[in-house]
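Structure first, then comments.
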Amino acid sequence: MSIAIGSDHAGYPLKSKLVEFLQHNNIEYKDMGTFNEDQVDYPDFAFKVAKAVSSGDSKLGVVVCGTGLGVSIMANKVRGVRAALCCSEYMAQMARAHNNANVLSIPARFVSLQQALGFIEIFLNTKFEGGRHQTRVEKIPTKC
Ligand code: RB5
C-alpha cells in the first residue's frame with residue numbers, strides 16, 4: 001500500500017518523524033514535501049498529496065500543517081478525496097470506518113508525535129464498514 005505524505009513548514013518537523021516511522025515499518029510512501037522549515041504555502045503540498053490519492057498512485061494520504069485545517073480544506077477540493085482532520089485516535093478510526101476517508105489530516109501544533117503515530121497506525125489499519133455508511137458517503141458529491 002503506498003501512502004502519499006506532505007506538509008507545509010509548520011507541519012514539517014512532525015512530518016519528517018512520520019516519514020521515519022513509515023520507513024522503519026517498511027510502508028511504501030511518497031514524500032511530497034516540503035523538505036525544510038522555510039515558509040511555503042500549504043495548498044501546494046496538500047494538492048500534491050490529494051492528486052496522488054485521486055489518481056490512484058497512492059491508496060491513502062497524510063497531510064500535516066499547523067492546524068490541519070488548510071491542508072484538509074485544499075485536499076477536499078480534489079476529485080475523489082475525502083480528507084478528515086483528526087484530533088484523536090477515535091476520530092482517525094471513525095474517519096476510515098464510517099467516512100471512508102482516504103486522506104488523514106494532522107494538526108501539528110495540537111498533537112504529540114506519539115499521538116500522530118497512533119492516528120496513522122489506526123488510519124492505515126481500519127477498514128471502511130460500508131453498508132449504511134456507503135449510502136451516506138455516496139451522498140457526498142464531487143463537483144470538481
Ligand atoms: C502556517 O502558519 C499555518 O497557517 C498553516 O500551517 C496551517 O495551520 C493553515 O491552515
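Both ligands and their constituent atoms are indexed starting at 1 by order of listing. Counting from 1, the numbers follow the sequence of the chain as shown.
Of the protein's non-hydrogen atoms, the one nearest atom 10 (O) of ligand 1 is Gly70 N, 2.9 Å. In this structure, atom 7 (C) of ligand 1 lies nearest to the protein heavy atom Cys65 SG, 3.3 Å. Among all non-hydrogen protein atoms, the one lying nearest atom 2 (O) of ligand 1 is Arg109 NH2, 3.2 Å.
Val78 and Tyr42 fall within the same hydrophobic cluster, where Ile, Leu, Val, Met, Phe, Trp and Tyr residues are linked whenever their side-chain heavy atoms come under 4.5 Å apart, directly or through other members. Cluster annotation: Val103 is connected to Val71 through the hydrophobic network of ILVMFWY side chains, with a link wherever side-chain heavy atoms come within less than 4.5 Å.
Residues Gln134 and Glu138 bring a donor and an acceptor atom of their side chains to less than 3.5 Å of each other.
Within the 3.5 Å criterion, the main-chain N or O of Pro43 finds no donor-acceptor partner in the side chain of Asp41.
Using a 4.0 Å cut-off to heavy atoms of Asp8, the atoms of ligand 1 that qualify are 1 (C), 5 (C), 6 (O). Distances below 4.0 Å separate heavy atoms of Gly66 from the following atoms of ligand 1: 5 (C), 6 (O), 7 (C), 8 (O).
With respect to Asp8 and Lys15, no salt bridge is recorded, no charged nitrogen being found less than 4.0 Å from a carboxylate O.
By the criterion of a heavy-atom distance under 4.0 Å, both the backbone and the side chain of Thr67 are placed next to ligand 1. Residue contacts with ligand 1 for Ala10 involve side-chain atoms from C-beta outward but no N, CA, C or O (heavy atoms, distance under 4.0 Å).
For ligand 1, the polar-atom distance check against Val71 finds no nitrogen or oxygen pair separated by under 3.5 Å. Polar contact check, Tyr42 against ligand 1: no nitrogen or oxygen pair lies under 3.5 Å apart.
Of the candidates Leu69, Val63, Ile73, Val63 is the only one forming a side chain to side chain contact (heavy atoms under 4.5 Å, CB included) with Ser105.
Inside a 4.0 Å radius of atom 4 (O) of ligand 1 there is not any protein heavy atom.
Between the CG atom in Asn25 and the CG atom in Leu117 there is a gap of 9.0 Å [rounded to 0.5 Å].
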